[in-house]
Amino acid sequence: MVLLPNSISASEFFTPVVLSFQVAAVAGIVVIILGTLAGAWMSRASFFGKTALETFFMLPLVLPPTVVGFILIVIFGKHSFIGQAIEWVFQQPVIFTWWAAVIASAVVAFPLMYQSAKTGFADIDPDIQGAAMVDGASRWQVFIHISVPLAYPSLLTGSILSLARALGEFGATLMFAGNIPGVTQTLPTAIYVALDSGNNALAWAWVVCIVFISFLMLFFIQQKKTH
């Protein structure tokens with residue numbers, strides 16, 4: 001049970017909290033799938049331009065969130081082919097929608113999942129995978145039944161870090177998805193608005209909430225590392 005000041009209603013407090021979890025969950029699923037597949041492929045692949053592609057994958061980790069948001073606006077804006085195609089199919093632009101928040105969170109969280117997955121798969125002895133294929137297993141069977149279980153600790157760490165990053169995304173989300181209460185207003189943007197409007201009690205309530213959640217996620221990772 002969450003104890004809130006009398007000046008804060010439960011609906012006012014929980015709306016951005018629930019929305020943040022929904023956005024982070026969908027973005028997390030996308031990132032875990034794509035990051036795992038990309039990490040598995042890049043851990044063994046060797047081709048011209050690999051370093052450049054890997055640098056591209058990691059770029060959102062070091063770019064200012066506002067720059068990421070700007071790039072997303074350019075890519076999905078009404079003047080781009082992708083933006084026009086989305087608007088033609090769904091009869092509305094993706095910018096300033098719930099899905100925009102998901103995309104922004106997924107983009108900034110992807111590098112964490114990718115790097116963890118790549119490290120996990122790179123540490124697997126290729127002879128183990130080769131032996132399984134000699135015994136008749138397909139590449140997909142080797143990946144599912146051997147590679148993923150062996151890389152599980154790294155995949156779990158990457159998944160939790162990605163979810164935490166998606167949950168805390170602010171800059172790119174604010175630029176690309178906006179700050180629409182009940183639609184795109186996640187916890188970080190809600191905290192910013194509450195503080196800007198002088199509602200310190202509500203800002204503190206959300207800050208305590210997201211710090212507690214983030215602490216639990218990181219604590220879980222540390223516990224796993226020590227066992």
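Numbers for residues simply follow the sequence, beginning at 1.
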Student: Kindly give the heavy-atom pair with the smallest separation between G77 and I95, and that separation in Å.
Tutor: CA-CD1, 3.7 Å

Student: With a cut-off of 6.0 Å (strictly less than), are more than 12 heavy atoms of other residues, nucleotides or ligands near CZ of F47?
Tutor: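 Yes - once you tally the heavy atoms of other residues, nucleotides and ligands closer than 6.0 Å, there are more than 12.
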
Student: Side chains of V94 and E87, heavy atoms from C-beta outward: is any pair under 4.5 Å?
Tutor: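 SC-SC contact between V94 and E87 ruled out.
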
Student: Quick check against the 3.5 Å criterion: does S105 have a side-chain atom that pairs as donor or acceptor with the backbone of V102?
Tutor: no

Student: Please indicate whether K78 has more than 12 foreign heavy atoms, meaning atoms of other residues, nucleotides or ligands, lying under 6.0 Å from its NZ.
Tutor: no

Student: Run the side-chain contact (heavy atoms from CB on, under 4.5 Å) check on I103 and V107 step by step: do they pass?
Tutor: CA-CA 6 Å; I103 293 171; V107 168; 4.3 Å; yes

Student: Has the side chain of T189 got a donor or acceptor atom that lies under 3.5 Å from a matching backbone atom of Q185?
Tutor: no

Student: Set out, in order, the CA-CA distance, both residues' side-chain angles and the distance that settles side-chain contact (heavy atoms from CB on, under 4.5 Å) for F70 and I73, then state yes or no.
Tutor: CA-CA 5 Å; F70 176 81; I73 290 174; 5.6 Å; no

Student: Is the count of non-hydrogen atoms from other residues, nucleotides or ligands lying under 6.0 Å from F170 atom CZ greater than 12?
Tutor: yes

Student: For residues T184 and A177, report the shortest heavy-atom separation together with the two atoms involved.
Tutor: OG1-O, 3.1 Å

Student: Other residues, nucleotides and ligands only: do more than 12 of their heavy atoms fall within 6.0 Å of CH2 on W204?
Tutor: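 Open.
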
Student: Any side-chain heavy atom of L61 within less than 4.5 Å of one from Q115?
Tutor: no

Student: Just by modelled atom types, is the S20 backbone N or O under 3.5 Å from a matching donor or acceptor in the T186 side chain?
Tutor: no

Student: Does atom CZ of F143 have more than 12 heavy-atom neighbours from other groups under 6.0 Å away?
Tutor: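 It does: F143 CZ has more than 12 such atoms within range.
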
Student: Keeping K50 on the side-chain end and M42 on the backbone end, is there a donor-acceptor pair under 3.5 Å?
Tutor: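 Looks like yes, one N/O pair under 3.5 Å.
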
Student: V17 versus C209: any side-chain heavy-atom pair under 4.5 Å?
Tutor: yes

Student: Which of these, L37, V31, T36, sits in a side chain to side chain contact (heavy atoms under 4.5 Å, CB included) with I33?
Tutor: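 Single pass found, and it is L37.
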
Student: Considering non-hydrogen atoms only, spot the tightest contact between A25 and L163 and give its length.
Tutor: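 Closest approach of A25 to L163, heavy atoms only: CA-CD2, 4.5 Å.
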
Student: Is the CZ atom of R44 crowded by more than 12 outside heavy atoms at less than 6.0 Å?
Tutor: yes

Student: So do the side chains of L161 and L218 get within less than 4.5 Å of each other, counting heavy atoms only?
Tutor: yes

Student: Within the structure provided, determine whether F21 and V18 are in side-chain contact (heavy-atom separation under 4.5 Å).
Tutor: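 No, their side chains stay 4.5 Å or more apart.
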
Student: Please name the pair of heavy atoms, one in M113 and one in I32, separated by the smallest distance, quoted to 0.1 Å.
Tutor: CG-CA, 3.9 Å

Student: When you compare the side chain of W206 with that of P16, does any pair of heavy atoms fall below 4.5 Å?
Tutor: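 Side chain of P16 against side chain of W206, heavy atoms only: contact under 4.5 Å found.
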
Student: Write down the atom of G171, the atom of E169, and the distance for their closest heavy-atom approach.
Tutor: N-OE2, 3.2 Å

Student: Would you say that S162 contacts L112 through its side chain, given a criterion of any heavy-atom pair below 4.5 Å between the two side chains?
Tutor: yes

Student: Could you pull out the closest heavy-atom pair between A106 and A27, with the gap in Å?
Tutor: N-CB, 3.8 Å

Student: Before you tell me yes or no, could you show the steps for V26 and V23 under side-chain contact (heavy atoms from CB on, under 4.5 Å), namely the whole-Å CA-CA distance, both residues' side-chain angles and the distance that decides it to 0.1 Å?
Tutor: CA-CA 5 Å; V26 176; V23 169; over 6 Å; no

Student: Do V68 and F176 come close enough that some side-chain heavy atom pair is under 4.5 Å?
Tutor: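 No, their side chains stay 4.5 Å or more apart.
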
Student: Do S147 and Q129 pair up side chain to side chain, a donor and an acceptor below 3.5 Å, judged on atom types alone?
Tutor: yes

